[in-house]
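Heads up: numbering here begins at 1 and tracks the sequence. Atom set for the values below is all heavy atoms of this structure, side chains included, hydrogens, waters and symmetry mates excluded.
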Amino acid sequence: MLALEDVFEGFCSTCMTECQPPLGAESSSRLSCLLDLLEVLVALRIELKLNVSLCKRVLSVILPQALNLMSVPVPYFVKKQVILVLKRCLLYKAGEDFLPSPHNLFNQQDAALDEELAVLATTLLNAVQQGWLLQVPSCGRSSSFGGANEGSEPGPDLVILGAASLSVLKALEIQFRNKACGGIGQGDAEFSEMPVYMAHLLNFLKRHLGWKEPVHFCEWVSLTFIEQDDDMLEVAKSLLQMYLHNPRLHSSTSGDENDIWKLPSHQCGMNPHCIFLLLLKNVLFDASVLLDFLISSETCFLEYFVRYLKLLKEDWPQFSLTCTFLDKSACLQVPSVANISDCPPQTVDMSRAQECSPHVDTSMVSGPKNDKQSLLSHCESSSSLGALQRLVEYDSSEDSESETSSNEPCLIIAQREGADSSYIDKQMKKLGLTSMCSAFYSTSASMQAASTTCQALGIQRQSAQCLVDLQEAISRLHRKKLFPYNPSALLKLLSHVCALSKG
């Protein structure tokens with residue numbers, strides 16, 4: 001009599017290999033349910049540490065077979081589900097969508113489980129070398145999972161692209177860790193095959209993302225994971241981990257920013273300084289977003305950030321060279337005032353203006369020439385990740401009040417044709433509006449000067465100021481006992497880095 005695991009393995013193998021077109025809706029649904037069952041078994045293996053043969057076979061035998069579904073004529077949503085299940089298994093997060101509590105990663109990993117995942121990782125990397133990534137599809141973004149694609153948006157499906165990329169990176173990290181622990185030489189081991197796999201990954205993404213020359217390969221993290229913060233930080237952490245333990249990736253340069261591009265870490269798209277700077281650019285150098293990441297339990301930002309700050313403390317000259325290189329390239333362009341002012345003015349009624357900024361006295365913009373001016377929408381201090389609540393406003397102390405007033409939305413008054421500019425300037429001064437806001441809708445010469453001033457700040461200065469703001473915000477919350485954990489070690493690292501930026 002065959003054992004249960006043998007029967008189940010044969011059943012799964014049959015379902016995954018005998019998918020003949022046309023595959024009906026019932027067969028597709030059955031295949032999707034099978035993938036759900038496989039994830040449940042992996043989740044039981046990780047969460048409950050069930051060291052039973054059936055659960056072990058899923059990771060080491062059945063899921064590797066599921067990779068072949070990329071070349072089988074099955075519906076797109078099934079292939080997408082395969083990639084997502086693969087990603088969650090390699091991240092030790094199988095079943096995160098239906099388990100009652102999040103995983104405790106530090107207590108779940110064991111030697112037997114690592115061996116099973118190593119088999120899955122090796123199978124995936126072997127498939128990548130044979131062109132498996134070229135079989136991964138990327139249809140238009142759709143609002144429905146497994147439903148009709150009639151409402152799909154233009155552009156690639158960043159979810160499947162990100163999941164495939166993160167799966168390859170985690171497989172690389174697992175294989176690298178196994179080689180490092182396998183007694184190869186003394187100390188850290190070099191993973192010489194890494195550039196080969198990264199070349200496959202970058203070609204795959206370049207094909208779907210439509211990169212235009214010149215290409216800065218380190219952009220791929222920001223472009224692929226712009227909508228997925230948690231996965232983006234997982235990628236940044238994995239790349240940083242492999243970078244730190246592979247001396248070939250961070251060989252020294254001559255000190256010329258033009259030589260930075262020749263570094264293997266840039267050619268492989270995994271330079272940690274570029275990735276961190278592009279991350280800051282994505283959040284508009286807003287320290288409150290980083291603060292939110294640090295407090296959130298849904299991302300690995302704290303672990304990544306501490307490791308990167310330790311690197312930054314020892315590698316500040318390379319960071320400065322990278323900033324100079326990015327300033328001279330077209331990769332990081334500061335939005336100019338002229339581009340912002342291209343947006344057409346929108347009139348906002350006074351009730352809406354008072355709702356956005358309750359401290360604005362609407363009587364101040366009334367008067368005999370009220371028909372000559374309009375109140376525009378406020379300048380939001382937001383990021384590409386969405387407007388976030390300022391954590392410093394949790395308390396009602398004097399510090400919080402002063403900070404609230406300094407971070408209030410800035411209202412812009414636009415001048416219509418024929419309006420009295422002196423009257424508008426007078427009212428703007430009463431409202432406490434800055435000259436930078438008024439420059440948005442001023443003359444073209446003023447806009448050009450404001451744009452030049454903004455760009456003159458430089459990436460390094462903006463990054464340093466962001467870290468200084470973050471340090472001050474953490475210190476404030478810690479003093480008020482509002483920070484969820486003891487940030488003393490983190491503050492010490494930030495202080496060291498901020499001191500380097502001022503040196």
Side-chain angles (χ1 to χ4, degrees), residues 91-93 102-109 166 169-170 173 176-177 180 188 218 221-222 225 229-247 249-250 265 270-283 285-320 322-323 385 388 391 460 463-479 481-502:
L91 287 174
Y92 294 86
K93 292 182 178 180
H103 296 289
N104 187 350
L105 300 182
F106 298 102
N107 295 330
Q108 290 161 4
Q109 301 182 29
L166 183 52
L169 281 183
K170 294 306 293 185
E173 185 181 354
F176 179 84
R177 185 169 61 243
D188 299 324
C218 297
V221 177
S222 299
F225 297 97
D229 306 339
D230 51 347
D231 284 354
M232 177 176 62
L233 296 173
E234 285 283 357
V235 167
K237 187 187 75 170
S238 294
L239 292 176
L240 177 61
Q241 183 74 3
M242 290 186 283
Y243 174 88
L244 290 174
H245 296 288
N246 197 331
L249 293 175
H250 46 90
S265 61
M270 54 187 303
N271 183 272
H273 301 307
C274 280
I275 291 173
F276 180 71
L277 290 168
L278 288 165
L279 168 64
L280 292 185
K281 179 231 177 182
N282 274 355
V283 300
F285 301 92
D286 189 348
S288 66
V289 180
L290 302 186
L291 184 62
D292 185 72
F293 283 161
L294 285 172
I295 292 178
S296 172
S297 61
E298 298 178 357
T299 71
C300 61
F301 183 71
L302 175 61
E303 182 182 357
Y304 160 73
F305 193 48
V306 169
R307 288 181 180 177
Y308 179 72
L309 288 178
K310 291 180 179 179
L311 170 67
L312 188 57
K313 187 176 66 171
E314 305 296 333
D315 201 29
W316 184 262
Q318 284 294 322
F319 175 78
S320 299
T322 304
C323 291
L385 302 177
L388 296 172
L391 295 171
Q460 182 171 339
S463 305
Q465 185 59 49
C466 178
L467 294 179
V468 170
D469 294 342
L470 178 62
Q471 180 190 13
E472 293 175 353
I474 295 175
S475 299
R476 255 191 319 271
L477 289 174
H478 185 45
R479 287 196 304 268
K481 299 182 179 181
L482 293 175
F483 208 73
Y485 52 86
N486 186 357
S488 300
L490 178 60
L491 287 172
K492 186 175 180 180
L493 283 171
L494 279 171
S495 299
H496 197 127
V497 171
C498 291
L500 288 174
S501 67
K502 297 174 183 178

Are side-chain heavy atoms of [X] and [Y] found at a separation under 4.5 Å?
| X | Y | answer |
| --- | --- | --- |
| M242 | L169 | yes |
| L290 | F285 | no |
| L278 | V221 | no |
| S475 | L491 | yes |
| P272 | F276 | no |
| I295 | F483 | yes |
| L311 | R307 | no |
| L493 | L312 | no |

Could you go step by step and tell me if R177 and H245 meet the side-chain contact (heavy atoms from CB on, under 4.5 Å) rule?
-> CA-CA 10 Å; R177 185 169 61 243; H245 296 288; over 6 Å; no

Hey, can you tell me if H273 and Y308 have their rings parallel, tilted or perpendicular (30° and 60° cut-offs)?
->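 Correct class here is perpendicular.
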
Do the ring planes of F301 and Y304 sit parallel (below 30°), tilted (30 to 60°) or perpendicular (above 60°)?
->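 Answer is tilted, since the angle falls between 30° and 60°.
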
Restricting to non-hydrogen atoms, name the atom on [X] and the atom on [Y] that form the minimum distance, rounded to 0.1 Å.
| X | Y | value |
| --- | --- | --- |
| V497 | K313 | CG2-N, 4.5 Å |
| D230 | E298 | CB-O, 3.8 Å |
| T322 | C274 | CG2-SG, 3.6 Å |

Walk me through it: do C466 and D286 pass the test side-chain contact (heavy atoms from CB on, under 4.5 Å)?
-> CA-CA 6 Å; C466 178; D286 189 348; over 6 Å; no

May I ask you to decide whether K310 forms a salt bridge with E314, counting only side-chain N to carboxylate O separations under 4.0 Å?
->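 E314 and K310: not salt-bridged.
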
Presence of salt bridge, K237 and E173, under 4.0 angstrom =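 No.
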
Side-chain donor-acceptor pair present, S501, Q460, cut-off under 3.5 Å |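 Not at all, the side chains of S501 and Q460 share no donor-acceptor pair under 3.5 Å.
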
With rounding to the nearest 0.5 Å, note down the distance linking [atom1] in [X] to [atom2] in [Y].
| X | Y | atom1 | atom2 | answer |
| --- | --- | --- | --- | --- |
| S222 | M232 | OG | CE | 6.5 Å |
| L477 | L291 | CG | CG | 5.5 Å |
| F293 | L233 | CZ | CG | 5.5 Å |
| L500 | S320 | CG | OG | 8.5 Å |
| L467 | Q471 | CG | CD | 9.0 Å |

Counting only N and O atoms by type, is there a donor-acceptor contact under 3.5 Å from the side chain of S296 to the main-chain atoms of D292?
->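 No; zero donor-acceptor contacts below 3.5 Å.
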
